[in-house]
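Here the structure comes first, spelled out in structure tokens, and everything after it is commentary.
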Amino acid sequence: HNFVLMIEHEGIIDRIEGNIAHVKIDSVSGCASCHAKGVCSAADQEEKFLDVALAGESYTAGEQVQVQVARHLGFRAVALGYVYPFLLLMAVLIAFTVAGTQELRAGTYALLSVIPYYLVLFLFRKRIGSAFTFSIKKTYSV
């Protein structure tokens with residue numbers, strides 16, 4: 001029995017094209033549960049769309065669903081987007097500082113070093129994106 005931890009998020013099917021469901025999810029910041037959310041959460045909320053392959057079950061536009069992705073893929077996304085570029089930045093900063101470069105120049109080189117990294121991510125976005133597979137399941141309301 002293969003047990004995989006999943007990250008789930010509620011969404012609504014915007015439209016279906018062939019075997020692909022275009023699902024709209026609302027991304028809300030961690031302060032959504034704050035008692036002052038009426039004052040500030042409008043700036044923290046944005047709609048995002050995901051394309052999810054349908055796996056046999058029938059869905060309709062407007063249906064509420066749970067979007068799922070394996071937790072390890074979530075960690076991989078965080079590593080690619082934040083951890084690896086931070087490590088690159090720190091490595092370049094330390095290397096130039098140890099080599100005797102002025103601090104301002106070393107900091108500038110460190111900041112500039114992440115530009116090629118993000119450019120490579122952008123160029124390979126389809127290949128990287130294909131590794132992140134989402135699935136959906138029906139939400140049953142009582």
Side-chain angles (χ1 to χ4, degrees), residues 1-57 59-141:
H1 190 279
N2 191 5
F3 183 71
V4 177
L5 294 174
M6 302 296 277
I7 298 171
E8 294 185 345
H9 201 77
E10 289 185 13
I12 297 174
I13 296 179
D14 184 52
R15 67 184 186 281
I16 296 175
E17 294 177 358
N19 197 31
I20 302 293
H22 301 277
V23 181
K24 177 178 75 170
I25 60 172
D26 291 329
S27 178
V28 181
S29 73
C31 60
S33 62
C34 174
H35 69 282
K37 69 181 178 182
V39 179
C40 66
S41 73
D44 297 327
Q45 185 172 355
E46 66 180 71
E47 292 179 343
K48 294 186 180 180
F49 290 89
L50 295 173
D51 291 339
V52 182
L54 299 175
E57 245 187 289
Y59 295 92
T60 58
E63 186 174 355
Q64 189 165 354
V65 293
Q66 287 283 336
V67 179
Q68 300 177 316
V69 66
R71 182 170 285 172
H72 74 275
L73 292 177
F75 292 138
R76 183 183 300 172
V78 170
L80 285 171
Y82 299 105
V83 176
Y84 297 153
F86 173 74
L87 293 175
L88 173 66
L89 185 138
M90 292 307 295
V92 170
L93 180 64
I94 291 169
F96 277 103
T97 302
V98 168
T101 307
Q102 295 175 346
E103 288 178 7
L104 180 61
R105 190 173 300 247
T108 303
Y109 293 153
L111 288 173
L112 292 174
S113 71
V114 296
I115 292 173
Y117 174 83
Y118 282 115
L119 182 62
V120 168
L121 276 186
F122 178 76
L123 293 174
F124 289 99
R125 68 187 177 277
K126 289 190 181 189
R127 178 180 280 177
I128 294 169
S130 67
F132 293 91
T133 53
F134 295 91
S135 61
I136 57 176
K137 70 177 185 177
K138 292 185 178 283
T139 301
Y140 298 100
S141 335

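Side-chain atoms are counted along with the backbone in the values below, which use heavy atoms only and exclude waters and symmetry mates.
- The minimum heavy-atom distance linking Leu88 with Ser113 is given by the pair CD2-O, 3.4 Å.
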- Query: Stepwise, does the side chain to side chain contact (heavy atoms under 4.5 Å, CB included) test hold for Leu111 with Leu89?
  - Reply: CA-CA 6 Å; Leu111 288 173; Leu89 185 138; 3.8 Å; yes

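- Shortest non-hydrogen contact noted between Ala79 and Pro85 is O-CD, 3.9 Å.
- Atoms OG1 and CE, on Thr97 and Met90 in that order, are 8.5 Å from each other to the nearest 0.5 Å.
- The ring-ring contact (aromatic ring centres under 6.0 Å, His included) analysis of residues 94-115, with sequence neighbours excluded, yields the pairs Phe96-Tyr109.
- With sequence neighbours left out, Arg15 forms a salt bridge (Lys or Arg N to Asp or Glu O under 4.0 Å) with Glu17.
- Residue Thr101 holds its OG1 atom at 10.0 Å from CG of Leu93, rounded to the nearest 0.5 Å.
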Which atom pairs, one a donor and one an acceptor, fall under 3.5 Å between side chains of residues 114-124 and the rest of the protein, sequence neighbours left out?
{"from": "Tyr117", "atom 1": "OH", "to": "Leu80", "atom 2": "O", "distance (Å)": "2.6"}
{"from": "Tyr118", "atom 1": "OH", "to": "Gly81", "atom 2": "O", "distance (Å)": "2.6"}

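- Counting non-hydrogen atoms of other residues, nucleotides and ligands closer than 6.0 Å to CZ of Arg125 gives a total above 12.
- Rounding to the nearest 0.5 Å places NZ of Lys24 at 12.5 Å from CD1 of Ile13.
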